[in-house]
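The basis for the numbers below is simple: all heavy atoms, side chains too, and nothing from hydrogens, waters or symmetry mates. Just so you know, ligand 1 is whichever comes first in the structure, and atom 1 is the first atom listed for that ligand. Treat the numbers as computed from the prediction; the structure is a model and nothing was measured.
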Amino acid sequence: MSKQRVLSGVQPTGNLHLGNYLGAIRNWIEIQQEYDSFFCVVDLHAITVPQDTKVLASNTLTTAAMYLACGIDLEYSTIFVQSHVAAHSELTWLFNCITPLNWLERMIQFKEKAVKQGENVSVGLLDYPVLMAADILLYDADKVPVGEDQKQHLELTRDIAIRINDKFGNKKEPVLKLPDPLIRKQGARVMSLTDGTRKMSKSDPSELSRITLLDSAEEIKRKIKKCKTDPVKGLEFDNPERPECHNLLSLYQLLSGKTQEEVAVECQDMGWGQFKPLLTETTISALQPIQEKYQSIMDDRTYLDSVLRDGAAKASEVADATLARVKSTLGFLTSL
Ligand code: ATP
Ligand code: MG
């Protein structure tokens with residue numbers, strides 16, 4: 001039996017942070033051997049909000065290098081850049097023409113990011129989930145490992161696939177495969193260091209809100225020292241009055257590899273003055289091997305280029321076949 005397929009991606013909108021790692025990439029690594037996995041750097045998604053044209057390409061390259069540094073193995077997985085596979089844009093257009101506008105207006109991410117854009121909010125930001133549906137459905141993906149914030153977009157992807165199957169397919173032969181989200185409970189929503197009620201994000205203007213995978217030991221120390229806490233003595237999980245406490249303990253748990261019970265007992269009598277250095281040391285040691293591997297990958301640009309060239313070729317083969325199938329179903333004249 002052939003393996004099921006997985007697709008996921010991260011936007012090249014800045015350095016990857018602990019939320020991206022614990023909510024998404026770490027899960028990719030864990031499951032990659034079981035699946036035929038495709039991981040893309042979603043640069044077309046990045047431009048749904050303004051990007052500096054001078055850094056978009058280098059952010060795309062560093063994000064791909066980070067996938068490898070975190071442990072994506074090319075024996076099981078394909079790494080590619082979204083804009084290198086033209087089918088993503090083309091299928092998005094086809095989907096645009098069957099997606100009701102009000103489905104998109106309900107999306108939480110659109111509402112949140114649109115506020116920040118004011119009058120300059122682009123049609124692309126509204127259309128973000130349709131592009132994401134194209135990314136996933138092009139690869140007939142069975143599973144999509146993402147953080148909690150992408151759950152609503154996954155539901156929309158399924159709705160688009162169901163609509164196309166109902167309108168244009170038949171029961172025996174659906175046009176598109178329905179994907180399932182793969183959202184792990186632990187780490188699915190890492191919160192900001194400066195506000196435990198908001199998710200950690202690359203696009204948060206405050207550097208202090210996130211720890212990136214490339215932060216130096218000094219930066220990690222400074223950010224944890226300054227992070228928001230509370231005046232209560234004794235640390236605990238799951239107290240809704242103490243979102244920062246839950247978030248920081250969860251980070252410690254995930255980065256140390258301990259169980260929640262172990263951490264709960266270890267930290268129940270601690271104050272912040274004792275816990276912060278512990279979290280700092282644990283974070284530095286967890287990131288050190290990733291940072292070393294990242295450096296060696298970035299030192300070999302020829303290798304990285306070849307990974308992305310091969311990845312684009314492999315991805316195009318799968319994506320172009322799906323695009324041709326959808327176009328034929330929709331009644332387009334086959335290219336002559
Ligand atoms: P941006 O602010 O530019 O949207 P981002 O930090 O939200 O960046 P994305 O590139 O949008 O990162 O998301 C990449 C992956 O990381 C997705 O699977 C997303 O669900 C996951 N992710 C993002 N932020 C978090 C977080 N705080 N906790 C857990 N997972 C997250
Ligand atoms: Mg995001």
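Of all the atoms in ligand 1, the ones that sit under 4.0 Å from a non-hydrogen atom of Gly23 are 29 (C), 30 (N). Below 4.0 Å from some heavy atom of Gly187 lie the following atoms of ligand 1, by number and element: 29 (C). Close contacts of ligand 1 with Gln11, meaning ligand atoms under 4.0 Å from a residue heavy atom, involve 1 (P), 3 (O), 4 (O), 9 (P), 10 (O), 11 (O). Those atoms of ligand 1 that come under 4.0 Å of a heavy atom in Ser201, given as number and element, are 2 (O), 6 (O).
Among protein heavy atoms, the minimum distance from atom 7 (O) of ligand 1 is reached at Lys199 NZ, 2.7 Å. Among all protein heavy atoms, the one lying closest to atom 28 (N) of ligand 1 is Val190 N, 2.9 Å. Ranking the protein heavy atoms by distance from atom 10 (O) of ligand 1 puts Lys202 NZ, 2.7 Å first. Here the protein heavy atom with the shortest distance to atom 29 (C) of ligand 1 is Ala188 O, 3.1 Å. Annotation: atom 13 (O) of ligand 1 to nearest protein heavy atom, Asn20 ND2, 3.9 Å. Summary of contacts: the protein heavy atom closest to atom 3 (O) of ligand 1 is Thr13 OG1, 2.9 Å.
Under 4.0 Å from ligand 1, the heavy atoms of Lys113 that appear belong solely to its side chain. Contacts between His17 and ligand 1, counted as non-hydrogen atom pairs separated by less than 4.0 Å, involve the side chain only.
Contact detail for Val10 and Tyr67: the closest heavy-atom pair is N-OH, 2.9 Å.
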Assess the residue pair Lys228 and Thr194 against the criterion (side chain to side chain donor-acceptor pair (under 3.5 Å)); give the C-alpha distance rounded to whole Å, side-chain angles, the decisive distance to 0.1 Å, and a yes or no. CA-CA 5 Å; Lys228 189 174 173 200; Thr194 46; over 6 Å; no

Salt bridge (Lys or Arg N to Asp or Glu O under 4.0 Å) between Arg242 and Asp230: does it pass, once the steps are laid out? CA-CA 7 Å; Arg242 305 182 70 192; Asp230 54 34; 2.8 Å; yes

So Arg222 and Leu208, side-chain contact (heavy atoms from CB on, under 4.5 Å) or not? Walk me through it. CA-CA 9 Å; Arg222 185 173 67 96; Leu208 287 177; 4.0 Å; yes

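Salt bridge Lys199/Glu148: absent, no basic N to carboxylate O contact under 4.0 Å. Taking 4.0 Å as the cut-off between side-chain N and carboxylate O, Asp305 and Arg309 do not count as a salt-bridged pair.
Using 4.0 Å as the threshold, Gln109 has no heavy atom nearer than that to any atom of ligand 1.
A donor-acceptor pair under 3.5 Å is formed between the side chain of Arg210 and the backbone N or O of Asp204. Looking only at distances, no side-chain donor or acceptor of Asp36 sits under 3.5 Å from a matching main-chain atom of Gln4. Although no hydrogens or angles enter the test, the distance criterion places a donor-acceptor pair under 3.5 Å between the side chain of Thr322 and the main chain of Val318.
Between Ser203 and ligand 1, at least one pair of N/O atoms sits closer than 3.5 Å. Residue Ser8 places no N or O, backbone or side chain, under 3.5 Å from any N or O of ligand 1. Residue Ala24 has no nitrogen or oxygen atom sitting less than 3.5 Å from a nitrogen or oxygen atom of ligand 1, judged on distance alone. Among the atoms of Pro145, none of the N or O lies under 3.5 angstrom from an N or O of ligand 1.
Of the candidates Ala46, Gly19, Gly9, Gly19 brings a heavy atom nearest to atom 31 (C) of ligand 1. When the options Asp149, Val146, Val144 are ranked by their closest heavy atom to atom 20 (O) of ligand 1, first place goes to Asp149.
In this pair, Phe80 and Tyr139 present their aromatic rings tilted. The plane angle is within the 30 to 60° band.
When side chains are defined from C-beta on, Val146 does not count as touching Leu182, because their heavy atoms never get closer than 4.5 Å.
A salt bridge (charged side-chain N to carboxylate O under 4.0 Å, His left out) with Asp140 is found for one member of Arg325, Lys177, Lys3 and no other, namely Arg325.
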